[in-house]
Amino acid sequence: MQFFVDTADTTEIKEFVEMGILDGVTTNPSLIAKSGRKFLEVVAEICALVKGPVSAEVTALDTPTMLKEAKVLSKIAKNVVIKLPLTTDGLKACRTLTDAGVKTNVTLCFSAAQALLAAKAGATYISPFVGRLDDIGQEGMGLIAEIKQMYKQYPAIETQILVASTRHPRHIVQAAMMGADVATIPPSVLRTLIKHPLTDRGLESFMADWKKTGQSIL
Ligand code: G3P
């Protein structure tokens, strides 16, 4: 499973690149607002840091303007993926961009029916929001299982399942167990994945014992 980081914070992105665990980046208008930076500028910087796909979302609600925005965003770098909302206009823009060879990420997916439509429209990625479904008392990961099962029936479907709105390590582990193609993970969740109390405790006791030997490797 590929790991994308869900942020527009370039300092965080740099650290995950250095760890060698990052395959791509996703952003959305809320994350751009949180960064406090100019959209086009921050996307260009992210694309220079990461070789893999970088999702940049259109902000128009009608197809013609979405396509104009997509043109601007695509010019930033070769690895820009155009993120489109799962609406009628978004699906129309998806089909046009896919036919033109532009990679797309159809976002704000909350049902299997929507995921099927995105695949029909030729989306490169479908982004089901598991955390937001959990928030309203539904089983977010259940949706991933449904989409996986549905897409599996049709080998011609090339749309990749990008698990979004992940909130904790179990979402990531379950996504991998289900065979999702990608999980996009907020930096705080990525850090939580690294941590385990037994790792900290074990390291502490190794260090204490090592000190007792009075030795040094260097
Ligand atoms: O980038 C889309 C998605 O990952 C947003 O997540 O935490 O705002 O529901 P969240």
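Order of appearance sets the numbers: ligands from 1, and atoms from 1 within every ligand. Reckoned from all heavy atoms, side chains included, excluding hydrogens, waters and symmetry mates.
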Problem set entry | Distance in Å, K51 NZ paired with N79 CG, rounded so as to fall on 0.5 Å steps |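 Between K51 NZ and N79 CG, I get 10.5 Å after rounding to 0.5 Å.
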Problem set entry | D135 side, atom CG; R167 side, atom CZ - distance, nearest 0.5 Å |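 Going from CG on D135 over to CZ on R167, the span is 4.5 Å.
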At their closest point, which heavy atom of [X] faces which heavy atom of [Y], and how far apart are they?
X: M1; Y: A180; answer: CG-O, 3.5 Å
X: K103; Y: T124; answer: CA-OG1, 3.3 Å
X: A56; Y: L73; answer: O-CD1, 3.9 Å
X: V130; Y: S165; answer: CG2-O, 3.7 Å

Numbering the atoms of ligand 1 from 1, which are under 4.0 Å from a heavy atom of [X]?
X: K83; result: 1 (O), 2 (C)
X: R132; result: 5 (C), 8 (O), 9 (O), 10 (P)
X: N28; result: 1 (O), 2 (C), 5 (C)
X: D6; result: 1 (O), 2 (C), 3 (C), 4 (O), 5 (C), 6 (O)
X: A164; result: 4 (O)
X: R167; result: 7 (O), 9 (O), 10 (P)

For this session: Considering only non-hydrogen protein atoms, determine which one is nearest to atom 2 (C) of ligand 1 and report residue, atom name and distance to 0.1 Å.
Result: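 Result for atom 2 (C) of ligand 1: F129 CZ, 3.3 Å.
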For this session: Looking only at protein heavy atoms, identify the closest one to atom 6 (O) of ligand 1 and say how far it is in Å.
Result: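 For this ligand atom, the closest protein heavy atom is S165 CA, 3.3 Å.
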Exercise. Does CD belonging to E204 count more than 12 external heavy atoms closer than 6.0 Å?
Worked result: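 Not buried by this count: 12 neighbours or fewer within 6.0 Å.
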Exercise. With a 4.0 Å cut-off on heavy atoms, is E57 touching ligand 1?
Worked result: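 No, E57 has no heavy atom closer than 4.0 Å to ligand 1.
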Exercise. Judging by distance only, is a nitrogen or oxygen of T107 under 3.5 angstrom from one on ligand 1?
Worked result: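 By distance alone, the answer is no.
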Exercise. If you measure every N/O of T27 against every N/O of ligand 1, is any gap under 3.5 Å?
Worked result: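 For ligand 1, there is no N or O atom that lies under 3.5 Å from one belonging to T27.
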Exercise. Would you say the side-chain atoms of D6 pair up with the backbone N or O of P186, donor to acceptor, closer than 3.5 Å?
Worked result: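 Checking the backbone N and O of P186 against the side chain of D6, no donor-acceptor pair under 3.5 Å is found.
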